[in-house]
Structures are given as C-alpha cells and as structure tokens.
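Note on naming: letters A, B, ... go to the chains in the order of the sequence lines (proteins, then strands), and numbering restarts at 1 for each one.
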There are 2 protein chains.
Amino acid sequence: MDGSLAEHEGLPSERTIAEQHSVSRMTAHKALEAIEAEGLAYSEDRRGRFVSPPRINYNVNSMASFVTDAKRQGVEIEVELIADKKAIADAKLATSLFIAEGSPLFERTRLFSSSGHTIFFETEFIAPELCPELRKPGIRSGSEKLLGERYGTLGHTADIVVRMAPIQPSDAAFLGVTAWQVGIEQEQIVRKKDGTAFCFVRQVWRGELVQFSAQAIENR
Amino acid sequence: MDGSLAEHEGLPSERTIAEQHSVSRMTAHKALEAIEAEGLAYSEDRRGRFVSPPRINYNVNSMASFVTDAKRQGVEIEVELIADKKAIADAKLATSLFIAEGSPLFERTRLFSSSGHTIFFETEFIAPELCPELRKPGIRSGSEKLLGERYGTLGHTADIVVRMAPIQPSDAAFLGVTAWQVGIEQEQIVRKKDGTAFCFVRQVWRGELVQFSAQAIENR
DNA sequence: GCCAAATATTGGTATATACCAGATTATTTA
DNA sequence: TAAATAATCTGGTATATACCAATATTTGGC
C-alpha cells in the first residue's frame, strides 16, 4: 500500500514485533490495533496480520451504488445474501415505519465484501402493507421482488442518520471482526413520494476500510 | 441521558467497578472505553468518568452551520480561535491547492465546544495569491477577512473526503482526548466558481459525541 | 473558621504472565 | 508417497501488578 509493502503481505507476529521493539506484547498489540484503525493493516484471528489494500472510496454524490462506484476504481465487490426471511416489527421498527408492533415485514441482509473481506452489511426491512402497489398483478409479492424493486419502482426520499459507534458482537460476526471495535452505523428510513415510510435500512461499515467523498455546492 | 442518570453525573471509579464485577481493572477499563465510544459516558483524566449528554445531531442538508444547527436543538456551541497565523504550504497543501511548496498561506484553527467539551476542531488554510478579489479596495486583506469572508464573498464548491481514523497525538491535544482513539476526519478543498481551489479545510471530530443526518432524494 | 500541607483517589499506561482454540508446520506412521 | 499425528505459532483475551501525575479529599495547625 505504501509502496514498499505488497497488499496482503504478512507482517511479523505480535510477539516478534514486541521483542524487536523491546516492548511487551500487550503494548505491541495496542499499537497494531491503531495501525489497523488507520486502515494500513488487518488481522485475521490466529492467522496473522497483513497489509491492507488502500481504502475504497465511495462517492456519495455519484448516482452509482457502492458496488458500481468501487468497480470504477478497479475494486470488485462481492454481494452475498445471508438472510431473506419474514420478520416481525419490533418497537423500533414499528415507530420508524409507523406501523403496529408485531406487523409482518420482509427482512433481507446482504454482505458486501472485497477479496473476502466484508466492508459492510446491510439489513433492509420492508413493510408489504405499506406498498400495495408492489402487489398489483404482474409483480410478484415475494420479498425478493419487494426489496429488489424498492429503488426501481418507488420514487423515494430517505432520512439518513450516520454515527460512529462500537460494533456489537452480533454485527461483528457478520463483518468477521472483533466485537466493540469502532465502526460506522447508518440507518435510513425510505419514503415514497407521498412521504409514507415503507422501508428501514441499516448498514454497518468497517470504517477503517473506506473513505467517503462528496462534492458540495454552496449556493448562497 | 437514558433517563435514569443525569447528564454529567459521576460514575464509580474504574477500580470500584472492577471490584463490583469481580473483574480486573484493565478489563473494566476496556469495557468503559467501549461505553465511551457509544457516546454514553466520557472520562476526564485523573478526575473520573461522567454521563454524556445525548449526541449532537448535525443535519448536513440544512444550510445552517453546525453551530446554528446545534442551537436549534438547544445546544450552545462555543467557538474558540486558537490559531490565526501565517503559514507555509507543505507538500500536501501545495498539491491540493495547486500552488508551489513554500507558498505563503493564512492558517486559522478554531475549536468548537459544548459545555467545555470540544466536539471538533477545524483548521483552514487559504492561499491569498489565489483570491486577489479579496484584496480589492475596501476589503482588508488580513487573514481574518480572508478566512472570515470565504463563504460570503466567494461562491464556491467543495470536494470533501470523510474517513474514520485514529486521532493523532497533536490533534488529540486539541480535542482534550486520548491519542489514538478513533475519530472522524474530514478534508475539504474549497473552490471558486471557476473551479480554482483556494482553501483547504481539515476537521477532526470526536465521532462518539455526534451523529450526522441527511435527507436524500433519489430521482431516477 | 481558614489556610496550608499531607494523604487518598483518579484515569492512563506499561509490563509480565497465562490460557484459549484455531491455523500452520513439522514429524511420524502406515 | 500419502495420510495421520504431534508440536508450534497465531491473535484474542483476561489477570495482577506497578508507576505516573494531576485532582480531591482529609488532616493538621493556627
């Protein structure tokens, strides 16, 4: 990445580095964690530590999706569907979508990875009761169709909230990452043109692997 | 913040918590660090740990500045000017602004704090050679004027890059925070209407204290 | 009651040690 | 040669201990 080290090249072990620098292993471990947080290296549990490829840039202004945008940089993103099922609205979802707690939902979770490393995952909840237009004749009403067409069929706006937060253990498992390490969480409430919320989206990103770019036009 | 604890209320010490949970102090320390990263508590070196106020929301779509936006939520932001001087373009600045290394610049750094806690700081570099329009008669050419009027006088666009990264020691000192804890870094290259870059802005945020919101309009 | 000095407490940090369980490598066996 | 076994190495984690230096608190003297 920095020119002198090849991507995915193995680094010396924590114990070796600790000894080389006359430092305890715990200290070396903490230092290496900071290097990981810089996006310069990544670790695989019980395998070793390796040089990271450069951060992937996501231009949030580009009309393109993350996958398309990455491809433009020569980075291939693999998308894996790891959950596609019926779910029930919990308190938070019910409030967000203005539906009753316990209402049926479709839930879909996908992992977005690059060369085997998950960059982020996304869970979408869609309320079929809120989009009858997707069930009119000729359109299947399965979750695949509902969720797959949410962008195409329904013009929409989205309320987005982004925060930096430690990654909870269940999310860390999806990302293949140590629990409590800090990441980026995004939540969206997607609305139809008339303002009705019909879809809730949650993303959790490994923040050390990406950077976000944008072009702002200040017009005053 | 969660209803049962008052903002800025003191928490038990690390040693006490460790003993209460039959856990070593280091373990308690790590757990408390995660709680800080959630934005639920903050620590002050050698004083104790306290309950955090809720995260401040910054609506990036609002035409308002962070200060104004916070005020709307009832949060008063204090702005402190901690540097206002002449500087010299280093390699990075020179490249960003398309000027020669060593060119004169004005540099201004301001801290943005809420009830004594710095939320983020911002350093601006402006190249006077790139905006002669600010030196025409009637406009002072001091850094105060140059930087103060950059938004008002010069219509502009900005190229923005945002990344999650550990906070370097020098930046951590500004923020009153432990070095290497993870934060949010933002860099902007501000351009005039004709596309000429004239200003470089760098912000470092304590990501655990804020959340960013936006409204997206998807029009396809 | 007031002020100064001594003491206790605090978070931050570093060390040495230990265990875990999977991954990797070396060795042995058939 | 190939497969099975043993030894080694790995990062992740937890513990007990220790020191630092600033802050709070208590104590002592007047």
Verify whether one side chain among B/Q168 and A/E38 offers a donor that lies under 3.5 Å from an acceptor in the other.
yes
When the distance from CE of B/M26 to P of D/dG12 is rounded to whole Å, what number comes out?
16 Å
Given atom CD of B/Q181 and atom P of C/dG12, what is their separation to the nearest angstrom?
9 Å
Electrostatic pair A/E187:A/R163 at N-O distance under 4.0 angstrom
no
Nearest-Å distance for atom pair CG/P, residues B/D45 and C/dT13
8 Å
Would you say B/H29 places a side-chain N or O within less than 4.0 Å of OP1 or OP2 belonging to C/dG11?
no
Take the protein atom CD of B/E14 and the nucleotide atom C1' of D/dT23, then report the distance between them rounded to whole Å.
15 Å
In whole angstroms, how far is the C1' atom of D/dT15 from the CZ atom of B/R15?
15 Å
Distance test, side-chain N/O of B/S43 to OP1/OP2 of C/dT10, below 4.0 Å:
no
Round to the nearest Å and state the distance from A/E36 atom CD to D/dG12 atom C1'.
11 Å
Taking B/E122 first and then B/R202, would you say they form a salt bridge - that is, a charged N and a carboxylate O separated by under 4.0 Å?
no
Starting at CD1 of B/I17 and ending at P of C/dT9, how long is that distance when rounded to a whole Å?
16 Å
Between A/R46 and A/K30, the residue closer to the 5' end of DNA chain C by nearest nucleotide is A/K30
When the nearest nucleotide of DNA chain D is assigned to B/A28 and to A/E44 on a heavy-atom basis, which residue is associated with the more 5' position?
A/E44
Identify whether the distance between the nearest side-chain nitrogen and carboxylate oxygen of B/E80 and B/R110 falls below 4.0 Å.
no
Whole angstrom is fine here: how far is it from CZ in B/R25 over to P in C/dG12?
8 Å
Categorize B/R49 for me: base, sugar-phosphate, or nothing, with a 4.0 angstrom heavy-atom threshold over every strand shown.
sugar-phosphate
Within less than 4.0 Å of OP1 or OP2 of C/dT17, is there a side-chain N or O belonging to A/S24?
no
Which heavy atom of A/I99 sits nearest to which heavy atom of A/A89, and what is that distance?
CD1-CB, 3.9 Å
Does A/S13 make a side-chain N or O approach to OP1 or OP2 of D/dT10 shorter than 4.0 Å?
yes
